[in-house]
There are 2 protein chains.
Amino acid sequence: MNLKQLSEHLGLSQTTVSRALNGYPEVSESTRKRVQLAAAEGNYRPNLRAMSLATGKAMTIGHVIPVADQHDVVNPIFAEFVAGASQVYKQHGYELTLTIAETRNEESIYRSIAARGAVDGVIVHSPKRTEPRLALLREIGLPFVVHGRVSESDTPYNWIDMNNRRAFKQATQLLIDLGHTDIALINGDESLNFAWLRRLGFEDAMRENKLPIKKALMASADLTETFGYQTASALLKCSDCPTAFLASSYVVALGIRRAIGQAGLQMGKDISVIIHDDELSYFDNDGAIPQFTATRSSVREAGILAADMLLKQIDDPTLFPQNTLLESHLTMGLSTGPAKRA
Amino acid sequence: MNLKQLSEHLGLSQTTVSRALNGYPEVSESTRKRVQLAAAEGNYRPNLRAMSLATGKAMTIGHVIPVADQHDVVNPIFAEFVAGASQVYKQHGYELTLTIAETRNEESIYRSIAARGAVDGVIVHSPKRTEPRLALLREIGLPFVVHGRVSESDTPYNWIDMNNRRAFKQATQLLIDLGHTDIALINGDESLNFAWLRRLGFEDAMRENKLPIKKALMASADLTETFGYQTASALLKCSDCPTAFLASSYVVALGIRRAIGQAGLQMGKDISVIIHDDELSYFDNDGAIPQFTATRSSVREAGILAADMLLKQIDDPTLFPQNTLLESHLTMGLSTGPAKRA
DNA sequence: ACATTCATCCAAAGCGCCTTGAATAGACAG
DNA sequence: CTGTCTATTCAAGGCGCTTTGGATGAATGT
């Protein structure tokens, strides 16, 4: 069932039917009713392609997920973020297309997306400390919202981010207050800005408390369970072991916990751990007392807000770029305790 | 830059330019070269919407992810599956759109997708034991591939699945061979077919070995860490505790491991655990000896195969439905050992 | 009675592409 | 030199929708 058929069926012109369905005022209420009824009966849905060709709007948002190569780790937070964003899109009649972009093709992929008219805007995931994508997207003229910030950018742009620096400063301070001085930071890839900011937050706190920042206690890589395990295992064997760990994700903390257990130590007693918890739905770090002390921030919520921001920007391109900085909540769990003096 | 502009720039008709770029033979090689060069220079990409309107093909595949409600758990395997599938789509010039469908709207969502002409086919995720979606999609006439099988379906359809029943039978047998008789099954939601089949596999082995199947040792729910922890904790307190666990996912096994540790027991010594491992990239259950004994099957690989199957089906709609049954590999890890007699 | 307004509705153009059917020109055969 | 092929190229229509610019008739005002 398409517009033509529907209009013939009703004995009306395509114009009138289209207007009736799209809420234009130049249609009498009685015919509008009639049209709506017939459309519902015939299960009529305007063809998205035709519509978008006619209006010039794609009614689609692109999510571009960067990976180093095809076999790279897929960051588990994407699914959760996208789950949030997609709610918003659905409400506004938008579709969501997903593109996995290898870093080396990134530019051509963005250009292609734009030139093909496939999307009205994109969400930029996993920004690096310096982001060539911003300039690229501006040049192309494609509206975008970054999930995360870019440290080194002068020109304003849309972003939504969690206050990584503050969260990790706060978490570090808590560990220091508990008496820990040798704190290890198991961080994400520090060429990514979120990880970089977390490190700065960590260093902020250490410096303010006049504690030495030891390179040996900092590691940075993809946040896999194995990375957490191996790094923590090694650190727990060294001469002056850390008494506390700061973990950049739940997953990596699982590895740390494994290492602690294997070393015959007890988490929350011998060794303290604080994680950043993105509140992934299958790791509900919850219950009466959460197992991990954590800085928490819902990445699904971030997805909702980012989608909202992007649609607003598309709706009104003259809008000045928006920013949203989410604060995390520090919640006490079972994984922290006072430092044991060596 | 669109076709018209490009053709005017070249002093050719749109027909010729279009044909030159799409590889039709009615164009001299010299002009084809000229056109290709100009297209590359002008960064010309055919507008996807116009193309799809003209050809009637959307050049897009839909992935529809069912959830119970908006706040539901997002299964972590989707991201990995999609990562695989998207490789294939890219190679063939297809886009991928993602839709999260609440079960209660499912029918209208599929109908809407089809009527809007937004996709050429869909991947059906998370099939239940009985699937109204199959009949629906057939009625609509939308090509589809199911990731998983539906137990109760007479009519053939495209699917790709892992041999869940066999995998769990095999895993159970291994535990039995190690001397375990009280084996707990921590399974996914058994209204979903994969979980149902795993249960059948488990029961197959128990029955063949004349061991009692105890309802009290079987649990079924969303595969979260907490579910694993709580269930295992409870089971380890009961009078006749299980000496082994069969876990339907890595995540749920993490919870089980936590419970075991907390009970003062040792995994692989006091209690054995076998998991099914979907080989998620951030849980590389690998190394010299994997931490978990597991039946393994790459869900990313499944995504690749499913996408391939779907594109073939779209390419030739007369094709008889294809099936692929993947076998899992049982690999020994640190989490299993001989049963300790009580 | 005539001009003017207003509420409805419609015909047709256009979005950017592909594709059918035809035209043109050069090559070749008779 | 004319007729027939073949190789190239083109004009125009159509995909399904929105939207511009009327058209129509009834209602209103003078």
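Per chain, numbering begins at 1; letters A, B, ... match sequence-line order. Fair warning: this is a prediction, and the values are worked out from it, not measured in the lab.
Checked by atom type, the side-chain pair N158(A)/Q313(A) shows a donor-acceptor distance below 3.5 Å. S18(A) and T15(A) share no donor-acceptor pair across their side chains, judged by distance under 3.5 Å alone.
Residues Q5(B) and N2(B) have side chains in contact (heavy-atom distance under 4.5 Å, counting atoms from C-beta outward).
Distance, R116(B) CZ to dC15(D) C1': 18 Å, rounded to whole Å. Rounded to whole angstrom, the span from the NZ atom of K57(A) across to the P atom of dC17(D) amounts to 18 Å. One interatomic measurement links the two molecules: CZ of R32(B) to C1' of dT9(D), which rounds to 13 Å at whole-angstrom precision. Rounded to whole Å, atom P of dT8(D) lies 9 Å from atom CD of E29(B).
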Contact state string [nucleotides 15-26 of chain C, B base, S sugar-phosphate only, - no protein heavy atom under 4.0 Å]: BBBSBBB-----
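For the helix from dA1(C)-dT30(D) to dG30(C)-dC1(D), the rotation axes defined at the first and last 5 base pairs enclose an angle of 60°, given to the nearest 10°.
For the ring-ring contact (aromatic ring centres under 6.0 Å, His included) criterion with H63(B), the lone passing option out of F144(B), F78(B), Y94(B), Y89(B) is Y89(B).
At a threshold of 4.0 angstrom between heavy atoms, the contacts of S52(A) with the nucleic acid are absent.
Residues satisfying the salt bridge (Lys or Arg N to Asp or Glu O under 4.0 Å) criterion with K4(B), sequence neighbours excluded, are absent altogether.
The pair D316(B)-K312(B) fails the salt-bridge criterion, with no side-chain N (NZ, NE, NH1 or NH2) lying under 4.0 Å from an Asp/Glu carboxylate O. Ion pair R111(B)/E106(B) not flagged as a salt bridge, since none of the NZ, NE, NH1 or NH2 atoms sits closer than 4.0 Å to an Asp/Glu carboxylate oxygen. R116(B) and E95(A) are joined by a salt bridge, as a carboxylate oxygen and a charged side-chain nitrogen come within less than 4.0 angstrom of each other.
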